[in-house]
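Worksheet: the structure to be examined is printed underneath.
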Amino acid sequence: MSQELSGKTVLVTGGSRGIGREITLGVARAGANVVSCYRQEGEHIETLAGELKNIPGDHRLVPADVTVPDEVEQLVAGVRDNYGSLHGIVHNAGVISHVPFGKLPLAEWNRVVDTSLTAAYLIVNRALPLLSEGSSVVAIGSRVATVGIPLRAHYTAAKSALIGLVRGLTKELGPSGIRVNLVSPGMIETPEAAAKLTPEQRRVYEERYAEIIAMGRFGRPRDIAEAVLFLLSDRSAYITGENINVDGGI
Ligand code: NDP
């Protein structure tokens with residue numbers, strides 16, 4: 001693995017499971033110090049901490065709910081005090097929610113919008129003083145943001161607005177040499193999601209989605225992490241304001 005992020009520090013939100021976990025490990029393997037936040041404690045945190053210990057660098061797993069301003073401020077203050085500056089921010093935290101629109105409570109709307117969109121505002125707004133020329137911000141969107149999907153109008157709205165936030169920030173931060181991009185996953189099979197499927201559910205899913213995914217398979221967290229690593233690195237030094245779909249050709 002190339003050490004292209006060597007000596008840099010990257011903040012990842014929602015780094016304890018699924019796609020964020022893979023991004024956390026990928027960033028550390030690329031030579032960066034990684035600070036990765038999560039909400040729920042558990043064995044999975046200890047396992048991830050153990051894996052990070054085997055990768056050179058100063059890596060930290062920090063409990064912080066990105067929808068709570070005070071917790072984001074503490075998280076960012078910790079980064080400032082321990083590392084001084086930030087090369088990258090990956091806002092990956094997101095919650096999946098399926099509710100018919102007519103039955104959608106305001107609290108659920110707020111939970112989804114706060115985690116994907118308002119948290120992106122909080123993180124970048126509070127961490128902006130730590131970014132500088134060459135820094136890279138990557139938000140994790142969703143392929144559904146540009147197509148829509150039943151039962152997920154609220155999620156689609158939040159992820160679409162994230163595209164707008166990225167485009168606006170691109171113009172505002174570009175003159176300072178800070179890039180802002182989005183990676184939009186298609187259907188990614190995380191280990192947790194896979195474990196919840198019965199063999200019959202898996203068969204039905206695979207048949208249904210093979211028809212709409214050109215590559216005929218679900219994506220893997222690694223597929224998303226690779227795109228994020230590219231956008232964090234100097235290999236993408238002239239790419240900003242982009243939304244890269246990583247969806248196997250939906
Ligand atoms: P998971 O549910 O597997 O993991 C979500 C991660 O985000 C966990 O580490 C979780 O930590 C953390 N998290 C959630 N809410 C908060 C919060 N308020 N504060 C801090 N951390 C939080 O999700 P995926 O890996 O599947 O998805 C990751 C991202 O990719 C999301 O933004 C999602 O919308 C997007 N995406 C995923 C797709 C897929 O097919 N999997 C498709 C398209 C987009 P904890 O468990 O401690 O709460």
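What you are looking at is a predicted structure, and each value in this text was computed from that prediction instead of being measured. Note that these values count all heavy atoms, side chains included, but never hydrogens, waters or copies made by symmetry.
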- request: Consider only side-chain heavy atoms of I, L, V, M, F, W and Y, link residues closer than 4.5 Å, and tell whether V90 and L231 are in one cluster.
  value: yes

- request: Starting from the C-alpha separation in whole Å, work towards a yes-or-no answer on side chain to side chain contact (heavy atoms under 4.5 Å, CB included) for V183 and V138.
  value: CA-CA 7 Å; V183 171; V138 183; 3.9 Å; yes

query: Are V137 and I123 side-chain neighbours, meaning at least one heavy-atom pair lies under 4.5 Å?
result: no

Do any side-chain atoms of residues 141-152 form donor-acceptor pairs under 3.5 angstrom with protein atoms, and if so which ones, sequence neighbours left out?
unit_1	atom_1	unit_2	atom_2	d
S142	OG	V144	N	3.1
R143	NE	D247	OD2	2.6
R143	NH1	T146	OG1	3.0
T146	OG1	R143	O	3.3
R152	NE	H98	NE2	3.2
R152	NH2	H98	NE2	3.3

Which pairs would a plain distance check flag for residues 185-193, meaning a side-chain donor or acceptor within less than 3.5 Å of a matching protein atom at least two apart in sequence or in another chain?
unit_1	atom_1	unit_2	atom_2	d
E189	OE1	R202	NH2	3.2
E189	OE2	R202	NH2	2.7
T190	OG1	A193	N	3.2

message: Starting from Y205, can I reach I96 by hopping between I/L/V/M/F/W/Y residues whose side chains sit under 4.5 Å apart?
response: no

field: N/O donor-acceptor pair under 3.5 Å between S236 side chain and F230 backbone
entry: yes

query: Mind checking what makes side chain to side chain contact (heavy atoms under 4.5 Å, CB included) contact with E41, not counting sequence neighbours?
result: Y38, I45, P63

Side chains of residues 15-23: which donor-acceptor pairs under 3.5 Å do they make with residues two or more places apart or in other chains?
unit_1	atom_1	unit_2	atom_2	d
R17	NH2	Q40	OE1	3.3
R21	NH2	E51	OE2	2.6

field: Exercise: identify the closest heavy-atom pair between L52 and A28
entry: CD2-CB, 3.8 Å

query: In Å and rounded to the nearest 0.5 Å, what is the CD1 to CG distance from I224 to L229?
result: 11.5 Å

- request: Please lay out, stage by stage, how L25 and V34 fare under the test side chain to side chain contact (heavy atoms under 4.5 Å, CB included).
  value: CA-CA 8 Å; L25 288 167; V34 66; over 6 Å; no

- request: Could you tell me which non-hydrogen atom of H59 sits nearest to which non-hydrogen atom of N33, and how far apart they are?
  value: ND1-CA, 3.8 Å

Show me the donor-acceptor pairs, under 3.5 Å and distance only, between side chains in residues 161-170 and residues at least two apart or in other chains.
unit_1	atom_1	unit_2	atom_2	d
R167	NE	G241	O	2.9
R167	NH2	G241	O	3.4
T170	OG1	V166	O	2.6
T170	OG1	V180	O	3.4
T170	OG1	G241	N	3.4

task: Check whether any side-chain heavy atom of K159 lies under 4.5 Å from a side-chain heavy atom of S184, and answer yes or no.
output: no

- prompt: For V99 and H154, which heavy atoms make the closest approach, and how far apart are they?
  reply: N-CE1, 4.1 Å

Spacing of Q3 atom CD and L5 atom CG [to the nearest 0.5 Å]: 9.0 Å

message: Can you tell me if Q201 has over 12 outside heavy atoms packed within less than 6.0 Å of its CD?
response: yes

Taking every non-hydrogen atom, the tightest pair across V112 and Y155: CG1-CA, 3.6 Å

message: Working note: S97 + R111, criterion side chain to side chain donor-acceptor pair (under 3.5 Å); need CA distance, chi angles, decisive distance, verdict.
response: CA-CA 9 Å; S97 168; R111 187 177 78 97; 4.6 Å; no

field: Derivation and outcome, side chain to side chain contact (heavy atoms under 4.5 Å, CB included), residues T67 and N110
entry: CA-CA 10 Å; T67 65; N110 285 339; over 6 Å; no

message: If I compare all heavy atoms of Y238 with all of R179, which pair ends up nearest, and what's the gap?
response: N-CD, 4.5 Å

Pairwise distance NE2(H91) to OG1(T13) - rounded to 0.5 angstrom: 4.5 Å

message: Check whether N92 reaches the backbone of G14 with its side chain - one donor and one acceptor, N or O, closer than 3.5 Å.
response: yes

- request: Verify the cluster assignment for I55 and L11: are they in a single hydrophobic cluster under the rule of side-chain heavy atoms below 4.5 Å apart?
  value: no

query: What is the distance from atom OG of S132 to atom NE2 of H87, rounded to the nearest 0.5 Å?
result: 9.5 Å

Co-membership, hydrophobic cluster, residues L86 and L232, 4.5 Å side-chain: no

message: When you group the ILVMFWY residues by side-chain heavy-atom contacts below 4.5 Å and let the links chain together, are V27 and I178 in the same group?
response: no

field: Heavy-atom check, side chain of V66 versus side chain of L122, under 4.5 Å
entry: no

- request: To the nearest 0.5 angstrom, please state how far the CG atom of L48 sits from the NZ atom of K53.
  value: 12.0 Å

message: Taking the side chain as everything from C-beta on, heavy atoms only, tell me whether L131 gets closer than 4.5 Å to I89.
response: yes

field: Sidechain-backbone polar pair: N82 side chain, G78 backbone, donor-acceptor under 3.5 Å
entry: yes

field: Minimum-distance pair of heavy atoms, taken over all atoms of R39 and D65
entry: CD-OD2, 3.6 Å

- request: Kindly compute the distance separating OG1 (T9) from CG (D58), expressed to the nearest 0.5 Å.
  value: 8.0 Å

Which side-chain N or O atoms in residues 207-220 pair as donor and acceptor under 3.5 Å with protein atoms at least two apart or in another chain?
unit_1	atom_1	unit_2	atom_2	d
E207	OE2	R203	NH1	2.8
R217	NH1	D223	OD2	3.2

message: Any non-hydrogen side-chain atom of L128 less than 4.5 Å from a side-chain atom of L173?
response: yes

task: Would you check, one step at a time, whether the test side chain to side chain contact (heavy atoms under 4.5 Å, CB included) holds for Y83 with L130?
output: CA-CA 10 Å; Y83 306 92; L130 303 183; over 6 Å; no

